[in-house]
K.L.:
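Structure in structure tokens, see below.
Below, chains carry the letters A, B, ... as their sequence lines are ordered, and counting in each starts from 1.
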There are 2 protein chains.
Amino acid sequence: MEESRCENCIVRQFNALRAMTKEELKAVSDSKETRTIRKGESLFEEGDKLGGVMCVRNGVSKLSKLSANGKDQIVKLATKGQVMGQRSVVAEEATNLSAVAVSDMEVCFIPKDSINSALHKNPDFTLEVLRHMAHDLREADDVIVNMSQKTVKQRMAEAFLYLQRFGVDEDGYFNLRLSREDISNVVGTATESAIRIISEFKKKGLIIASGKRLGVKDEKKLRDLAEGF
Amino acid sequence: MEESRCENCIVRQFNALRAMTKEELKAVSDSKETRTIRKGESLFEEGDKLGGVMCVRNGVSKLSKLSANGKDQIVKLATKGQVMGQRSVVAEEATNLSAVAVSDMEVCFIPKDSINSALHKNPDFTLEVLRHMAHDLREADDVIVNMSQKTVKQRMAEAFLYLQRFGVDEDGYFNLRLSREDISNVVGTATESAIRIISEFKKKGLIIASGKRLGVKDEKKLRDLAEGF
DNA sequence: CGACTCATTGAGACCGCTCAAGAAACGTGG
DNA sequence: CCACGTTTCTTGAGCGGTCTCAATGAGTCG
């Protein structure tokens, strides 16, 4: 039971909860609820009013938004230590994104009351949350520019570099197995286009691919491609 | 001199400064510096380390980011009451955006020290800043989806609806006069494409246009078009 | 009135999307 | 373990949207 207390949770180092006081952390730990989510299951849907935030202990979730033409755009992937739904809780609005597990997950649901009381009383914590959100906002700005100014091929190269951040096995394959459709939803393109580019990259020796197993082979060339050289 | 004090400044109602205490506001007011910026002049450049934030008193500034292919992408327009550079100050990083005036402006430069001390001591203020940033982040997510999933025509329709928010004159023309190039940088397209779509919209009676003067004519149809009908 | 910048229009090439069909991988129940 | 349906992946062909280049017209300011 010890390791199920937030006070002892390692992932806390990666998020804003580390700025909480012992007492606040205790309150969070007492009210939280650990959940196991199977791959493919939904954590919440766009438009839901969230009663709290989700802290990822293990696994990866895609955060996506449905567009008018019926396609999902994956805005970001949340992994160990990241907190989902904080935007919604802070702004007291419904979520603008849906969250679906892309691998089996373990998440802690933290009711918003314990978050809110800390937000009102502990400026260090609030500031830490603010810093994380500032970081997210910067990344979002970068994505906007990429989406509007780069070709699908460049964005695909970036996507591979992005996926690499979630870890690779001894052969260099990504730990995270995304379907071609999910990849195309990260890149913002048609699935067929994504597939064609993947096989092109493979032929050119930029990446390794065998079935669903994908990985980066020539990081430097991918980076150059993403920058437009 | 009275109206140059932040305590009496009306635009404060629109931003996070309204959550400051009287004392904090006094400190801000004593350290701030009012600047007049001519249309076309730059407020700061991508990569600059900002010594503080800019609060817009009057006029409009474009916040843009240069992409590798040499084109600016306008991420947002900041107008009366909006604070620029807070992301950079909060995260203690260089700015990720450049700011250039698109009309004559009056802005107040507020050194970061007075902001930072309030951020550490006044949770109400910090929370208010956080809420604003949460709102910005939501808008950024929406833009990402629009950029990746909508056609240039749809985005152009959205751009017109967006520009309308900055006010119109008695004839329905936008108060804000953007060049075709700036418009295309909002939409994220080539200038020629933007021009062609503008004349198409005019022909169809969706907008009014005479030279640089632009305006919305049929808001409903524009909205439908933006949504993909 | 010249030297700008900005707006407009045309034509051609290319990129990326869609539709359609087949191959491979996966899961499930017999 | 196999047969089956279902999903996912792959490839081809064609169309349409968007970009680029280039030339012309219009507006602005000394």
K.L.:
With distance as the sole test, does Asp171(B) use its side chain to make a donor-acceptor pair with the main-chain N or O of Tyr173(B) at under 3.5 Å?
P.N.:
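Checking the backbone N and O of Tyr173(B) against the side chain of Asp171(B), no donor-acceptor pair under 3.5 Å is found.
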
K.L.:
Could you tell me which residues satisfy side-chain contact (heavy atoms from CB on, under 4.5 Å) with Lys220(A), sequence neighbours excluded, listed by chain and number?
P.N.:
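Per chain and number, Lys220(A) pairs via side-chain contact (heavy atoms from CB on, under 4.5 Å) with Asp218(A), Asp224(A).
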
K.L.:
Without decimals, in angstroms, what is the distance between Gln154(B) CD and dC17(C) P?
P.N.:
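Going from Gln154(B) (CD) to dC17(C) (P), I get 14 Å.
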
K.L.:
Is the backbone of Thr151(A) close enough, under 3.5 Å, to the side chain of Gln154(A) for a donor and an acceptor to pair up by distance?
P.N.:
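Yes, Gln154(A) side chain to Thr151(A) backbone: donor-acceptor pair under 3.5 Å.
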
K.L.:
Is it true that Ser148(B) and Gln73(A) share a donor-acceptor pair across their side chains at a distance under 3.5 Å?
P.N.:
yes

K.L.:
May I ask you to decide if Val100(A)'s main-chain N or O and Lys62(A)'s side chain share a donor-acceptor pair within less than 3.5 Å?
P.N.:
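Side chain of Lys62(A) to backbone of Val100(A), a donor-acceptor pair under 3.5 Å: no, none is there.
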
K.L.:
Base, backbone or nothing for each nucleotide of nucleotides 16-27 of chain D, written B, S, -, heavy atoms under 4.0 angstrom, 5' to 3'?
P.N.:
--SBBBB-----

K.L.:
Residues two or more places apart in sequence or in another chain: which of them pass side-chain contact (heavy atoms from CB on, under 4.5 Å) with Val143(A)?
P.N.:
Met147(A), Ile144(B)

K.L.:
Can you list every pair that meets side-chain hydrogen bond (donor to acceptor under 3.5 Å, both in side chains) and has a residue in residues 96-110 of chain A, with sequence neighbours left out?
P.N.:
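As it turns out, the side-chain hydrogen bond (donor to acceptor under 3.5 Å, both in side chains) pairs with a partner in residues 96-110 of chain A, which skip direct neighbours, are Arg87(A)-Asn96(A), Asn96(A)-Asp141(B).
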
K.L.:
Heavy-atom contacts under 4.0 Å between residues 171-180 of chain B and DNA chain C, which residues?
P.N.:
Ser179(B), Arg180(B)

K.L.:
By side-chain contact (heavy atoms from CB on, under 4.5 Å), which residues pair with Lys212(A), not counting sequence neighbours?
P.N.:
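Counting only residues at least two positions away or on another chain, Lys212(A) forms a side-chain contact (heavy atoms from CB on, under 4.5 Å) with Ser179(A).
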
K.L.:
Check the distance between dT10(D)'s P and Lys212(A)'s NZ and give it to me in whole angstrom.
P.N.:
11 Å

K.L.:
When you measure from the side chain of Lys202(B) to the backbone of Ile207(B), do you find a donor-acceptor pair of N or O atoms at a distance under 3.5 Å?
P.N.:
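Checked: no pair found.
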
K.L.:
Not counting sequence neighbours, which residues clear salt bridge (Lys or Arg N to Asp or Glu O under 4.0 Å) with Glu192(A)? List them please.
P.N.:
none

K.L.:
Hey, could you give me each pair passing salt bridge (charged side-chain N to carboxylate O under 4.0 Å, His left out) that has a residue in residues 37-55 of chain A? Not counting sequence neighbours.
P.N.:
Glu46(A)-Lys65(A)

K.L.:
Residues in salt bridge (Lys or Arg N to Asp or Glu O under 4.0 Å) with Glu170(B), at least two apart?
P.N.:
none

K.L.:
Just how far, in rounded Å, is C1' of dG16(C) from CG of Asn69(A)?
P.N.:
14 Å

K.L.:
Using a cut-off of strictly less than 4.0 Å between a heavy atom of the residue and any atom of DNA chain D, enumerate the qualifying residues of residues 200-209 of chain A by number.
P.N.:
none

K.L.:
Heavy atoms under 4.0 Å is the rule here; annotate nucleotides 21-27 of chain C 5' to 3' with B where the base is hit, S where only the sugar-phosphate is, and - elsewhere.
P.N.:
-------

K.L.:
Rounded to the Å, how far apart are Met156(A) CE and dG16(C) P?
P.N.:
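In whole Å, dG16(C) P lies 11 Å from Met156(A) CE.
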
K.L.:
Applying ring pair (Phe, Tyr, Trp, His ring centres under 6.0 Å), can you list everything that pairs with Phe174(A), at least two apart in sequence or on another chain?
P.N.:
Phe160(A)

